[in-house]
Amino acid sequence: MILSPSKRPPTELTVAEARDELKRLEALIAQHNFAYYHNNAPEISDAAFDTLRQRYNIIVSLHPSLESNDSAAHAIGAPLDNRFRKHQHLAPMLSLDNVFKRSDFENFITRIIRFLGLSPDKTTSPIFIAEPKIDGLSVNLTYKNGLFVRGTTRGNGTEGEDVTANLRTLHNLPTHLTHSYPDLIEIRGEVFLSKADFLALNTEQEISKKRLFANPRNAAAGSLRQLDPRITAQRPLSLFAYALGFSSDFIVHSHWDFLQQLKKWGFPVNPLSQQITGIEEAESFFTSVADQRAALPYDIDGVVYKIDSLSLQNRLGNIGRVPRWAIAWKFPAEQAITVLRDIEIQVGRTGALTPVAHLDPINIGGVLVTKATLHNEDEITRKDIRLGDHVFVQRAGDVIPQILGVTPTTRNSSHRSDVFIFPHHCPICGAYAVKPKNEAIRRCTGGLSCPAQSIERLIHFVSRDAFNIEGLGAQNIRLFYDRHLIRNPVDIFYLHNHANTIEHYEGWGKLSVHNLLNAIENRRIITLSRFIYALGIRRVGISNARLLARHYISYNVWLEQMQSARHIGSDAQLALNALPGIGHAIANDIIAFIAEPNNQKTLADLQRCLTILDESSTSNGPLFGKTVVFTGTLQTLTRQEAKALAERMGAKVSDTVSQKTDLVILGEKAGSKARKAEQLHIQTLNEAQWRSFCIQEDTTIIS
Ligand code: IVH
């Protein structure tokens with residue numbers, strides 16, 4: 001009997017069969033996605049749906065060139081952008097750093113004590129508030145003149161989805177504040193579904209043959225992000241309020257007092273929250289909460305510790321998107337045993353060959369795991385991990401699942417296990433891959449002629465902390481790379497020359513091409529720190545890029561200095577090495593990057609099509625010390641809003657254009673001021689470019 005393609009093992013499919021099978025699977029996945037998200041009426045079970053996606057992924061991993069752009073098989077849920085209005089938070093919604101053991105928690109406290117310059121004895125240890133970490137989804141609740149006016153999800157931390165109507169259905173969310181309150185306040189909290197309500201909801205879903213939710217958090221998220229608030233109203237969502245986002249007036253001095261104020265306003269505050277001091281108290285609180293975990297009516301995944309004093313919080317500030325003054329101490333990761341079927345070698349931006357384990361799918365703590373990292377070649381040898389082995393897999397928080405090791409009973413006579421031979425050549429370009437002595441990582445020597453490295457570098461170039469080009473994610477970079485439209489970063493800024501070609505690609509049209517080209521246009525202006533980060537120089541992450549940009553301030557100075565730094569003993573080299581945080585190795589990586597002829601050409605080409613803004617030398621916002629002038633009529637912002645945005649980024653706003661002006665924003669019918677800006681060669685931006693720059697840069701105000 002000949003098996004139909006859908007029953008055949010993916011490894012046996014020819015390329016032509018694989019192509020047909022992928023098309024068939026894509027259509028099925030799109031159909032079931034639609035049934036689930038739009039009609040709220042799934043036609044198949046969760047497990048059957050996962051099987052379709054899994055089969056799709058396996059075939060794609062066997063035939064990567066067949067993967068279609070932005071395929072429905074990758075989309076999770078419906079596109080949110082179109083379903084909900086977006087709204088910008090007044091203050092960014094931060095995330096939390098995680099620790100899993102006492103020693104890491106101790107380091108967190110030590111860092112704080114050092115940062116604040118306190119003496120490390122117990123008497124001066126700052127007070128913390130410890131709270132259970134609720135496993136739900138965070139929301140931002142805005143109250144204007146005491147009235148609840150808007151509620152949003154966290155979104156990307158800067159702007160979230162407007163779910164006000166849905167939040168109004170929560171039984172314990174106050175609709176107005178009483179007694180004294182600031183004119184404008186943002187309150188943060190977690191929306192969740194109790195364990196009992198989750199089970200009841202899944203029973204109902206089962207009876208009505210709808211898809212089951214994997215865990216209470218997914219159920220809460222699915223319930224809150226409903227287009228029809230009447231559906232949300234049927235789901236008994238709850239809230240715990242736990243943080244102040246923004247307040248127009250000064251209200252309290254400590255987080256503890258804020259929690260008391262929240263209670264007075266009628267917000268539910270977690271009753272287990274406590275004031276604690278020192279590591280011993282922190283650990284005993286952690287143990288006590290862990291002991292109560294199973295009996296609590298809602299899911300928690302750890303304990304959050306926050307510095308109590310708001311002025312200390314302010315002094316400590318943030319590192320990127322996480323506060324320095326708070327941490328989550330998470331409960332131990334969840335583990336499971338499954339079979340290691342295959343090891344795939346992935347090649348990263350810097351040519352590192354990374355082994356990725358393909359596993360028999362296994363549910364770990366509500367998440368289906370099919371792949372896990374094996375870190376590097378030495379790790380496989382050290383742990384003696386072989387194909388076919390039963391392995392321990394661990395999932396902790398949002399990190400990529402890891403293989404801990406082989407189970408003791410793994411190799412008996414009935415089991416085949418094969419030693420994995422780590423390749424000495426790049427699986428993508430075939431170039432020799434070297435592993436220097438004393439280094440764990442083997443690297444491809446193909447450089448930019450290796451497609452994997454080029455693609456990963458391009459993906460990095462457009463990523464969130466770099467050029468952040470909306471609509472140009474990994475999928476589209478791969479597509480344009482394969483079609484030879486984008487082979488190097490400069491090509492991105494000439495993509496408009498191929499608009500007609502792209503329009504005819506499957507799934508594309510005039511509008512989507514227009515949106516993408518617009519997004520690219522909006523990024524022709526960029527701060528120096530983002531630019532340096534985007535280059536993807538080895539060991540130059542976002543922090544080092546900021547450090548360099550804040551030191552050298554202008555692109556030309558930076559470039560010139562890096563070129564001079566090639567000369568051993570030069571002032572430029574000494575200055576670079578003396579920068580705090582830039583050691584010898586990093587300095588050499590930067591110098592080597594700048595010296596490379598291909599990179600020099602790319603830099604020169606990029607400079608021709610971009611405006612690289614000087615970096616502000618302080619952390620008071622990307623426009624700190626700059627004078628900005630607005631002229632003409634703005635279409636999407638009031639003058640006050642536009643002015644406030646500029647001021648929030650550290651700029652001074654002036655009415656007249658002069659030699660001292662750094663930037664002029666041109667609205668419609670901009671007249672004499674626009675002409676003057678041109679005469680004086682002052683940088684100008686149109687309204688769309690200004691908005692886009694503000695949205696992009698606003699989060700850096702806090703860093
Ligand atoms: S405070 C800057 N407190 O954990 C501090 N977060 O991993 C921001 N969460 O996005 C959050 N319980 O969704 C805080 N008691 C608690 C929390 C809590 C749960 C969530 C929240 C946040 C995530 C970070």
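What you see is a predicted model; the values in this text were computed from it and never measured. Numbering of ligands and ligand atoms starts at 1, following listing order.
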Subject >> From CA spacing to verdict: salt bridge (Lys or Arg N to Asp or Glu O under 4.0 Å), Arg102, Glu280 >> reply: CA-CA 10 Å; Arg102 180 184 155 120; Glu280 298 313 322; 3.0 Å; yes
Subject >> ring pair (Phe, Tyr, Trp, His ring centres under 6.0 Å) assessment of Phe258 paired with His253 >> reply: CA-CA 8 Å; Phe258 182 63; His253 294 280; over 10 Å; no
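For atom 12 (N) of ligand 1, the closest non-hydrogen atom on the protein side is Ile134 N, 3.0 Å. Among all non-hydrogen protein atoms, the one lying nearest atom 5 (C) of ligand 1 is Leu96 CD2, 3.9 Å. The protein atom (non-hydrogen) at minimum distance from atom 10 (O) of ligand 1 is Ser138 OG, 3.7 Å. For atom 20 (C) of ligand 1, the closest heavy atom belonging to the protein is Glu190 OE1, 3.5 Å. At the shortest separation from atom 3 (N) of ligand 1 among protein heavy atoms lies Lys306 NZ, 3.0 Å. When only non-hydrogen protein atoms are considered, atom 8 (C) of ligand 1 lies nearest to Leu94 O, 4.0 Å.
Within the structure, the closest approach of Tyr305 to ligand 1 does not fall below 4.0 Å when heavy atoms are considered. Residue contacts with ligand 1: Pro323 is included, with a non-hydrogen atom under 4.0 Å away. Within the 4.0 Å heavy-atom cutoff, Gly136 does not count among the residues contacting ligand 1.
When ring centroids are compared, Phe331 and Phe286 come within the 6.0 Å threshold.
Counting heavy atoms closer than 4.0 Å to ligand 1, residue Met93 contributes nothing at all. Contacts between Lys133 and ligand 1, counted as non-hydrogen atom pairs separated by less than 4.0 Å, involve both the backbone and the side chain. Of all the heavy atoms of Trp325, the ones lying under 4.0 Å from any atom of ligand 1 belong exclusively to the side chain. In Ala328, neither the side chain nor the backbone holds a heavy atom less than 4.0 Å from any atom of ligand 1.
Listed by number with element, the atoms of ligand 1 under 4.0 Å from a non-hydrogen atom of Glu131 are 3 (N), 15 (N), 16 (C). When each atom of ligand 1 is checked for a heavy atom of Pro132 under 4.0 Å away, the hits are 12 (N), 15 (N).
Using cut-offs of 30° and 60° for the angle between ring planes, the Phe531 and Phe467 rings count as perpendicular. Aromatic ring pairs are classed by plane angle as parallel below 30°, tilted from 30° to 60° and perpendicular above 60°; the pair Phe148 and Tyr143 is tilted. The aromatic rings of Phe105 and Phe108 are tilted relative to each other, their planes meeting at an angle between 30° and 60°.
Just one of Arg154, His89, Glu159 meets the side-chain hydrogen bond (donor to acceptor under 3.5 Å, both in side chains) condition when paired with Asn140; it is His89.
Between the side chain of Thr153 and the main chain of Glu161, a donor-acceptor pair closer than 3.5 Å is present. At distances below 3.5 Å, not a single donor-acceptor pair connects side-chain atoms of Tyr305 with backbone N or O atoms of Trp329.
Atom CG of Leu116 is surrounded by more than 12 heavy atoms from other residues, nucleotides or ligands within 6.0 Å.
Distances between N or O atoms of Ser95 and those of ligand 1 include no value under 3.5 Å. Checked against a 3.5 angstrom limit, the closest N/O atoms of Ala243 and ligand 1 fall outside it.
Nearest heavy atom pair, residue Arg217 against residue Asp135, reads NH1-OD1, 3.2 Å.
The heavy atom nearest to atom 21 (C) of ligand 1, considering only Tyr242, Phe240, Phe192, is found in Tyr242.
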